[in-house]
Protein chains: 2
Amino acid sequence: MLRERGLRLTPQRQLVLEAVRRLGHATPEQVHEAVVANSPGVNITTIYRTLELLEELDLITHVHLSHGALTYHWASEDQHVHLVCRKCESVQELDVAELRPLAARLQEQYGFRLDIAHVALFGECKECQ
Amino acid sequence: MLRERGLRLTPQRQLVLEAVRRLGHATPEQVHEAVVANSPGVNITTIYRTLELLEELDLITHVHLSHGALTYHWASEDQHVHLVCRKCESVQELDVAELRPLAARLQEQYGFRLDIAHVALFGECKECQ
DNA sequence: TTGCCTGCAAACCCTTTGCATAGTC
DNA sequence: GACTATGCAAAGGGTTTGCAGGCAA
């Protein structure tokens with residue numbers, strides 16, 4: 001995919017992609033830690049640039065969990081919605097199917113195409129209530 | 001309300017509250033601009049501290065629109081959900097009623113109490129599709 | 001060899017903290 | 001007069017940019 005676009009396949013790019021896939025959900029900093037564990041010296045700047053690139057290629061996506069905390073994950077992984085508790089900060093995953101009715105309604109009524117997997121819903125979890 | 005809690009009523013606090021109510025949705029920086037327009041010299045630190053305080057008092061709330069951009073708004077205003085277009089960054093408002101079925105379902109099935117007004121949904125708006 | 005990628009350092013934005021002073025009660 | 005709230009300055013976290021050198025093609 002990279003070469004098709006005239007881009008280059010570098011060790012760093014492979015490492016970042018691998019790390020995201022392995023970690024499941026991870027912030028840029030967590031990806032950095034994981035990459036550095038194998039090959040020290042990789043700069044966090046490269047992590048940011050690579051994450052952005054991989055997202056353009058639709059290999060990964062990101063979601064805003066809270067306070068602007070970005071988490072990236074493998075794009076083809078089972079999609080899910082994130083339920084974020086504002087009290088204990090815990091994150092619960094939810095099958096995207098739960099949002100299908102809403103998505104359909106938004107598309108029909110408002111012409112808005114909901115990016116289901118990009119959604120984070122805030123509230124209060126069972127334990128905190 | 002402030003005095004009940006042993007807190008003080010200051011011009012700055014009145015100005016911030018007024019600005020939030022008047023602006024509808026505003027980032028801390030926008031609130032700051034609005035306040036400074038009337039009374040220059042009010043520091044942005046005070047804006048942050050006051051916004052936090054007013055939120056504790058349930059006079060205002062905030063929502064994460066994108067990239068960690070906080071926007072505050074008057075708490076008793078008609079509640080609404082935000083539809084954020086990831087392409088053009090536009091924000092559309094949606095009646096919270098649209099999310100009631102989902103909220104009910106989350107409560108029943110997962111014990112998660114959805115904070116409806118705090119939700120921002122990401123996707124692509126009509127124009128960008 | 002070409003020119004994209006990287007590492008490094010510094011800048012950047014937004015937000016928070018420490019401290020002395022001002023101002024409310 | 002007591003003690004909270006403010007302004008100022010500086011630090012902080014996370015992210016982005018500029019630039020010279022390194023490396024894939």
Side-chain angles (χ1 to χ4, degrees), chain A residues 1-20 23 25-57 59-72 86 89 120, chain B residues 1-20 25-57 59-72 86 89:
Chain A
M1 291 184 66
L2 288 166
R3 290 189 187 119
E4 275 174 18
R5 287 178 157 227
L7 301 171
R8 294 178 182 172
L9 182 59
T10 64
Q12 289 91 334
R13 289 178 173 175
Q14 295 183 64
L15 287 165
V16 169
L17 185 56
E18 233 171 70
V20 170
L23 294 173
H25 294 80
T27 63
E29 199 177 338
Q30 291 169 330
V31 173
H32 183 221
E33 279 170 26
V35 169
V36 164
N38 297 353
S39 48
V42 175
N43 196 277
I44 192 154
T45 303
T46 301
I47 305 294
Y48 278 104
R49 289 195 274 229
T50 304
L51 287 171
E52 192 183 344
L53 175 70
L54 295 177
E55 188 162 29
E56 269 171 35
L57 297 176
L59 292 173
I60 64 176
T61 53
H62 76 265
V63 60
H64 298 275
L65 285 193
S66 64
H67 315 129
L70 275 191
T71 42
Y72 285 87
R86 290 178 73 191
E89 304 266 296
Chain B
M1 290 183 67
L2 287 167
R3 291 190 187 120
E4 275 174 19
R5 288 176 157 229
L7 301 172
R8 294 175 183 177
L9 181 58
T10 63
Q12 289 91 334
R13 288 179 175 174
Q14 293 183 64
L15 287 165
V16 169
L17 184 56
E18 233 170 69
V20 171
H25 294 81
T27 63
E29 200 176 339
Q30 290 168 330
V31 173
H32 184 222
E33 279 171 26
V35 169
V36 164
N38 297 354
S39 48
V42 176
N43 197 276
I44 192 155
T45 303
T46 301
I47 304 294
Y48 278 104
R49 288 194 276 228
T50 304
L51 288 171
E52 193 182 343
L53 176 69
L54 296 176
E55 187 162 28
E56 269 172 35
L57 298 175
L59 291 172
I60 64 175
T61 52
H62 77 266
V63 60
H64 298 274
L65 286 192
S66 64
H67 316 130
L70 275 190
T71 43
Y72 284 88
R86 290 177 73 190
E89 303 265 297

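So that the names make sense, note that chain A is the first sequence line, chain B the second, and so on, each numbered from 1. Both backbone and side-chain heavy atoms feed into the values below; hydrogens, waters and symmetry mates do not.
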| Residue whose closest nucleotide on DNA chain C lies nearer the 5' end, B:Leu9 versus B:Pro28 |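 The answer here is B:Pro28.
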
Nearest-Å distance for atom pair [atom1]/[atom2], residues [X] and [N]:
{"X": "A:Gln14", "N": "D:dA24", "atom1": "CD", "atom2": "C1'", "result": "12 Å"}
{"X": "A:Arg3", "N": "C:dT2", "atom1": "CZ", "atom2": "C1'", "result": "17 Å"}
{"X": "A:His32", "N": "C:dT6", "atom1": "NE2", "atom2": "C1'", "result": "12 Å"}
{"X": "A:His62", "N": "D:dT15", "atom1": "NE2", "atom2": "C1'", "result": "13 Å"}
{"X": "B:Arg13", "N": "D:dT4", "atom1": "CZ", "atom2": "C1'", "result": "8 Å"}
{"X": "B:Gln30", "N": "C:dC14", "atom1": "CD", "atom2": "P", "result": "10 Å"}
{"X": "A:Leu70", "N": "D:dG14", "atom1": "CG", "atom2": "P", "result": "11 Å"}
{"X": "A:Ile47", "N": "C:dC5", "atom1": "CD1", "atom2": "P", "result": "15 Å"}

| field | Nearest-neighbour nucleotide for the B:Tyr48 side chain, C:dT15, C:dT6, D:dT15 considered | value |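 For the B:Tyr48 side chain, the nearest candidate turns out to be C:dT15.
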
| field | Which nucleotide in C:dC4, D:dT6, C:dG7 has an atom nearest any side-chain atom of B:Thr46 | value |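 The closest nucleotide is D:dT6.
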
Could you give the side-chain donor-acceptor pairs of residues 12-19 of chain A under 3.5 Å, partners two or more places apart or in another chain?
unit_1: A:Arg13; atom_1: NH1; unit_2: A:Arg8; atom_2: O; d: 2.8

| A:Gln30 side-chain N/O to A:Thr27 backbone N/O, donor-acceptor pair under 3.5 Å |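 Pair found, side chain donor or acceptor close to backbone of A:Thr27.
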
Side-chain atoms of residues 38-47 of chain B: list all donor-acceptor pairs with protein atoms under 3.5 Å, sequence neighbours left out, distances to 0.1 Å.
unit_1: B:Asn43; atom_1: OD1; unit_2: B:Thr45; atom_2: N; d: 2.9
unit_1: B:Asn43; atom_1: OD1; unit_2: B:Thr45; atom_2: OG1; d: 2.9

Would you tell me if any nitrogen or oxygen in the side chain of [X] comes within less than 4.0 Å of OP1 or OP2 on [N]?
{"X": "B:Arg8", "N": "D:dC3", "value": "no"}
{"X": "A:Thr45", "N": "C:dC8", "value": "no"}
{"X": "B:Arg49", "N": "D:dA5", "value": "no"}
{"X": "A:Thr10", "N": "D:dA24", "value": "no"}
{"X": "A:Asn43", "N": "C:dT6", "value": "no"}
{"X": "A:Gln12", "N": "D:dC23", "value": "no"}

| query | Shortest non-hydrogen contact from B:Glu55 to B:His62? | reply |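 Distance-wise, the nearest heavy atoms are OE2-ND1, 2.6 Å.
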
| task | Take B:Thr50 and B:Thr10 through the test side chain to side chain contact (heavy atoms under 4.5 Å, CB included) and record every step on the way to the result. | result | CA-CA 10 Å; B:Thr50 304; B:Thr10 63; over 6 Å; no

| message | Under 4.0 Å, heavy atoms only, any strand: does B:Ile44 hit a base, just the sugar-phosphate, or nothing? | response |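 No contact at all - B:Ile44 keeps every heavy atom at 4.0 Å or more from the nucleic acid.
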
